[in-house]
> 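Sharing a structure with you now.
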Amino acid sequence: MPPLQQITFPLRGDFITLDSLLKACGLAESGGRAKTMVAEGLVQVDGQDELRKTAKIRAGQVVSVHGARIRVIPEDQGRSPAA
């Protein structure tokens, strides 16, 4: 069994829709495929099945899809302050 792909996604703004996140991370080749993946029950948010294609995903949440886990963080997390 291949290792789980760990993805860290820096979020710009307050949220990203679930289908857009899957496409942005390269886990779905198109927005339509992303919506199908969600509708088929292949996606979990914070350990719970998520069937809303446009669920708002915010910093601090974890999205899981077969073979991958996406950790959504604030865009500025991990940046060092300007000197």
> Run the numbers on E75 and L11 for side chain to side chain contact (heavy atoms under 4.5 Å, CB included), then give the verdict.
CA-CA 5 Å; E75 183 179 33; L11 180 65; 5.8 Å; no

> Which heavy-atom pair separates K56 from Q61 by the least distance, and what is that distance?
O-OE1, 3.6 Å

> Looking only at atom types and distance, does a side-chain atom of E40 sit under 3.5 Å from a main-chain N or O of M37, one as donor and one as acceptor?
no

> Got L18 and V63 here, is their nearest side-chain heavy-atom distance under 4.5 Å?
yes

> Heavy atoms only: give me the nearest K23-S30 pair and the separation to one decimal.
CD-C, 4.0 Å

> When rounded to the nearest 0.5 angstrom, what distance separates CG in L42 from CD in E50?
13.0 Å

> Looking at every heavy atom in both L4 and G67, which two are closest together, and how far apart are they?
CD1-C, 3.4 Å

> Rounded to the nearest 0.5 Å, how far apart are CZ of R58 and CG of D14?
6.5 Å

> Inspect the surroundings of CZ in F15 and state if more than 12 heavy atoms from other residues, nucleotides or ligands are less than 6.0 Å away.
no

> How long is the span from the CZ atom in R52 to the CG atom in D19, to the nearest 0.5 Å?
12.0 Å

> Quick one: CZ on F9 to CD1 on I73, what's the gap to the nearest 0.5 Å?
10.0 Å

> Roughly how far, to the nearest 0.5 Å, is the CD1 atom of I7 from the CG atom of L21?
8.5 Å

> List the atom of V45, the atom of I57, and the distance in Å for their closest heavy-atom pair.
CG2-CD1, 3.9 Å

> Just to verify, which of L27, L51, L22 counts as forming a side chain to side chain contact (heavy atoms under 4.5 Å, CB included) with V43?
L22

> Strictly distance-based, threshold 3.5 Å: is any side-chain N or O of T36 a donor or acceptor partner for the main-chain N or O of G32?
yes

> Which pair of non-hydrogen atoms, one from V62 and one from R69, has the smallest distance, and what is that distance?
CG1-CG, 3.3 Å

> Atom OG in S64, atom CG in D46: separation rounded to 0.5 Å?
8.5 Å

